[in-house]
Amino acid sequence: MALLFVLVLVLVAVVTTVVALAVNAASSDERRWPWGLYVIQDYPFPSVLVLTVVLAMLSVMVVLVQRERDARSAGSSLVADSVVDVSPAPDDVGLPSGAGVVDAPLGELPVVVRGRDSVVSDLLAPTAVYSPQVRVLVGMGGCGKTTVALAAAREAQASGWRVWWVSAMDRATLVAGMSALAREAGAPADEIKDADSDLALAGVVWGRLSRLSGRWLLVIDNADAPEVLAPGGTSVAGGSGWLRSAGTGVVVVTTRVTDRAVWGHRAGWFPLSELDQRAAALMLLDRIGRTDEPNLIEAATTVANRLGRLPLAVHLAGSYLGSGMAEVGLEDYLRLLTDRSLRVVDEGAPGWGEQDPRRLIMSTWEISLDALERQGRVRARALLRVLSFLGPGSVVPVPMLDPSVLSEAGLLPDGDEGRAEMAAGLAGLRAVGLVDGAPVGVDDSGDGLMVHPLVAEVCRWRAARDGQRPTLIAAAASLVAATSARLNPADPADWKGWQVLAPHARVVLGVIAEMSEDLGARVVGVNNGVTYHYTAQGSYPGAIDQGEDVIAAAVAGLGAEHPDTLTSRNNLAAAYRAAGRLGEAIPLYEATLAACERVLGDEHPDTLMSRNNLAYAYQSAGRLGEAIPLYEATLAVRERVLGDEHPDTLTSRNNLAAAYQAAGRLGEAIPLYEATLAAYERVLGAEHPNTLTSRNNLAVAYRAAGRLGEAIPLYEATLAVRERVLGDEHPDTLMSRNNLAVAYDAAGRLGEAIPLYEATLAVRERVLGDEHPDPLMSRNNLAYAYQAAGRLGEAIPLYEATLAVRERVLGDEHPDTLTSRNNLAYAYQSAGRLGEAIPLYEATLAARERVLGDEHPNTLTSRNNLAYAYQAAGRLGEAIPLYEATLAARERVLGDEHPNTLTSRNNLAAAYRLRDDSM
């Protein structure tokens, strides 16, 4: 047709010229033609030639415009598989029926810290003045190391430094705290995720700290087990483990370990001993509340000297004397102290000398406890001992001390009497300073309590001597289990609660050998919740460390095939999967499912959970042929056993719909999504996280089916709720923002789509890192939007970078890698680089046919796109059969009126026209 058009134009030009010459010959006016057309009269043959060329060019332009129109309609299916998040519901988690602190707990610090001003100044001295960046604050228990470190943190913070506080009480606590520090120091989540060992994570932390500008302080508190600071066979002194120098910062370590060789010559040495006489006397009077009475200095000095001027002992004595419950004054307190100290030795303290801090501490608090008992606060001693069997030095929320649990353990009376006695006992302990008040930092958790680690140590010894250890362990474990039952590890609203509970859960996990099997199983269940909490929060190294520790404890305490041990395996597999370590996750899921089927049977809830999770792992690996039958089997059993609206049934229905959609079976996916959303709204409410996930997924399916008028309002509503409920940077909020941008893009609203894509990518790169799947998807989507807007110079580098990372991280035939390859080929084609586009299209089609099958929607998209590239290259003989095959499959799979089917029909018609025109 185009050739015929050209010939007609040329013929018109020739006829016009001939007529013009004839008219001119018959005219007497030499210049009869207007507008300069008289040139034809003077130069007839060149004029014919020029007009012919001009008209030929115009005809070519007409042909190109028509082809561009065909290209636009063909292009609508080129990347339909590339830009969508579908979120299966979270893994099921087996739950019972703290992470390291990053902010310095300055609320525990007294207004005035006596006698340590020079130490605080030296700790914060610039490295040019005092060169070691690692500064070890060392001394016996009770000498005030933590107080001095807190005073340094307060002063540093007031001077504009960045301050972090991490506990080194045990390995899991340290790793969790360092993971949080790494994120705050700018490490992307995938950089933390990819750290496959504690030593690798240490490298991430110190690499980030070394890049910071401005002064900073890191306090590593309670490092009394140096091996915790030496991951992977390193040594503390070598400076290659957790303890290093970096950049413009200062590291302060508090420890009881006085062997300088452990810390090495690179570390500055700050030994703390007793206070001087005046500072100790003033501290005692501070606690009594009588600092302004100089006549008491002499008596206060005498008492402080008798206490060895040990800060903790002075604090406890002063708190008792200033509590309003003291039965004696300063002078008589000295007599009581001497008497009590002798009794401690007589009661069999193991080798404690007269000035041993444990003896001094115990002497002070026994006086306080005796006084509390005489005043009717008879439960104070038992409550102090219970607190000592929880996480030492960690905040215990007051609501965690459930009177009913303590009553069952025989430590309180029942009912109102028990609640009243507990309240009186705790108030007494706080008044005399045996427990400190501390902010919990969790809404609705009220106040918190904290026991000094040295007090806890001596209390545990005394309880063992008195034969109370089994009772107190059981009581502490039961308190932890009861608290965890009120928390959901997957709910961001409960994450602070899990952070507070985690150190207590780990402490009781360490003594499950001393519990009944039933209580040990409950404690393992709590710690499974901690593992899942870390996974949901994105703290993958902490989750994996915690999960491995829980499995070890569960196997030792319960056996390898105990149901709670199997749940531990499931949760560790979930942590591996979330961290992108599918090669470790899938075998662990498979082994767990086999054990569940063997031990529990095919229809036990834990077996169904395990089957669902294995299916999800297969789906994550692109193995849909294995995932879908598992999902179908799980849903069928859950519907029969649990009913249609049980939360687990709804999870299965959602996940099966997601798998159908991934397999291109939208006709089966959409009704499942609609039914699931209706049930979630009815059962859980309109703003529950699972309801929001379900609404998002239905919108995704509508968009995939070309039903944008239904998809966009759902996306907008979901995003609005997630921004309000979860915050602007929560992963689910970012997913919603991405998906709304996808829908705007598909609707041709690029001016709204591109800013959303750019904002989402920026946050995902900052929060998750450059190689996490979510930023890669965002980068791909932004490139697609740039391409649609004609900004190929920005689109192609983004596509190339995304493909390179996906090939390295996911492998050559992962579905996401194939999407990237398809999209880069399309961008090359749009830029006129057909020699690069066609081989990429061919490779993508071959892989999709092999991996996804001949009629998967993505395979059909690849076939359409390759045909279009062949057509653009003038290879119609290869393009038309591909178009015909694609149309036939889309009519069969998607129906006659699906948008992709209509695109195929249009593309084939355009190819037929080109073939006919060229004949």
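- Side-chain contact between L390 and V507 is absent, with no heavy atoms from C-beta onward closer than 4.5 Å.
- Once rounded to the nearest 0.5 Å, the distance linking CG of L217 with OG of S159 reads 11.0 Å.
- Around CZ of R278, the count of heavy atoms belonging to other residues, nucleotides or ligands within 6.0 Å does not exceed 12.
- Here the side chain of R215 pairs a donor or acceptor atom with the backbone of T248 at under 3.5 angstrom.
- Between L124 and W161 there is a side-chain heavy-atom pair separated by less than 4.5 Å.
- At distances below 3.5 Å, at least one donor-acceptor pair connects side-chain atoms of R460 with backbone N or O atoms of S388.
- Panel note: side chain R162, backbone E184; a donor-acceptor pair is recorded below 3.5 Å.
- Side-chain contact between D728 and R737 is present, with heavy atoms from C-beta onward closer than 4.5 Å.
- Atom CZ of R506 sits about 9.5 Å away from atom CG of L501, to the nearest 0.5 Å.
- The closest donor-acceptor contact from the side chain of N571 to the backbone of Y532 lies at 3.5 Å or more, if one exists at all.
- Closest non-hydrogen pair, F270 versus V119, comes out as CD2-CG1, 4.4 Å.
- Side-chain N or O atoms of D494 include one that pairs as donor or acceptor with a backbone N or O of N488 at under 3.5 Å.
- In this structure, W498 and H533 have parallel ring planes: the angle between them is below the 30° cut-off, well short of the 60° mark.
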Checking V435 against L426 for the side-chain contact (heavy atoms from CB on, under 4.5 Å) test, could you report, in this order, the C-alpha distance in whole Å, the side-chain angles of both residues, the deciding distance, and whether it holds? CA-CA 8 Å; V435 299; L426 291 177; 5.7 Å; no
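- Looking at R208, its side chain never comes within 3.5 Å of a backbone N or O of A182 through a donor-acceptor pair.
- With rounding to the nearest 0.5 angstrom, the CG atom of L282 is 4.5 Å from the CD1 atom of I297.
- A pairwise comparison of heavy atoms in W216 and L209 identifies NE1-O, 3.7 Å as the closest pair.
- Counting only heavy atoms from C-beta outward, the side chains of Y534 and V175 never approach each other to under 4.5 Å.
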Worked check of side-chain contact (heavy atoms from CB on, under 4.5 Å) between V228 and W242: CA-CA 8 Å; V228 170; W242 280 118; 5.8 Å; no
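- Once rounded to the nearest 0.5 Å, the distance linking CG of L387 with NE2 of H504 reads 9.0 Å.
- Between the NE2 atom of H315 and the CZ atom of R114 there is a distance of 15.0 Å, given to the nearest 0.5 Å.
- Side-chain contact between V500 and P397 is present, with at least one heavy-atom pair separated by less than 4.5 Å.
- Residue V314 is tested with D286, V303, L284, L285 for a side chain to side chain contact (heavy atoms under 4.5 Å, CB included); the sole match is L284.
- A donor-acceptor pair under 3.5 Å links the side-chain atoms of W263 to the main chain of V257, judged by distance alone.
- To the nearest 0.5 angstrom, M735 atom CE is 11.5 Å from S778 atom OG.
- Side-chain atoms of T255 do not come within 3.5 Å of backbone N or O of V138 as any donor-acceptor pair.
- The closest donor-acceptor contact from the side chain of R462 to the backbone of R385 lies at 3.5 Å or more, if one exists at all.
- For the 3.5 Å distance criterion, the side chains of N222 and S167 fail to qualify, holding no donor opposite an acceptor.
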Please walk me through it: do L123 and V250 pass side-chain contact (heavy atoms from CB on, under 4.5 Å)? CA-CA 8 Å; L123 285 174; V250 170; 5.8 Å; no
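- Closest heavy-atom contact between G727 and T733: O-OG1, 2.7 Å.
- Closest heavy-atom contact between Q546 and T531: CG-OG1, 3.1 Å.
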Between R581 and I544, is a side-chain contact (heavy atoms from CB on, under 4.5 Å) present by the stated rule, with each step listed? CA-CA 11 Å; R581 294 163 61 172; I544 290 168; 3.3 Å; yes
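- Taking all atoms of both residues into account, the shortest heavy-atom contact from L275 to G115 is CD2-CA, 4.4 Å.
- Side-chain N or O atoms of D276 include one that pairs as donor or acceptor with a backbone N or O of A279 at under 3.5 Å.
- Of all heavy-atom pairs between T760 and L734, the closest is CG2-O, 3.6 Å.
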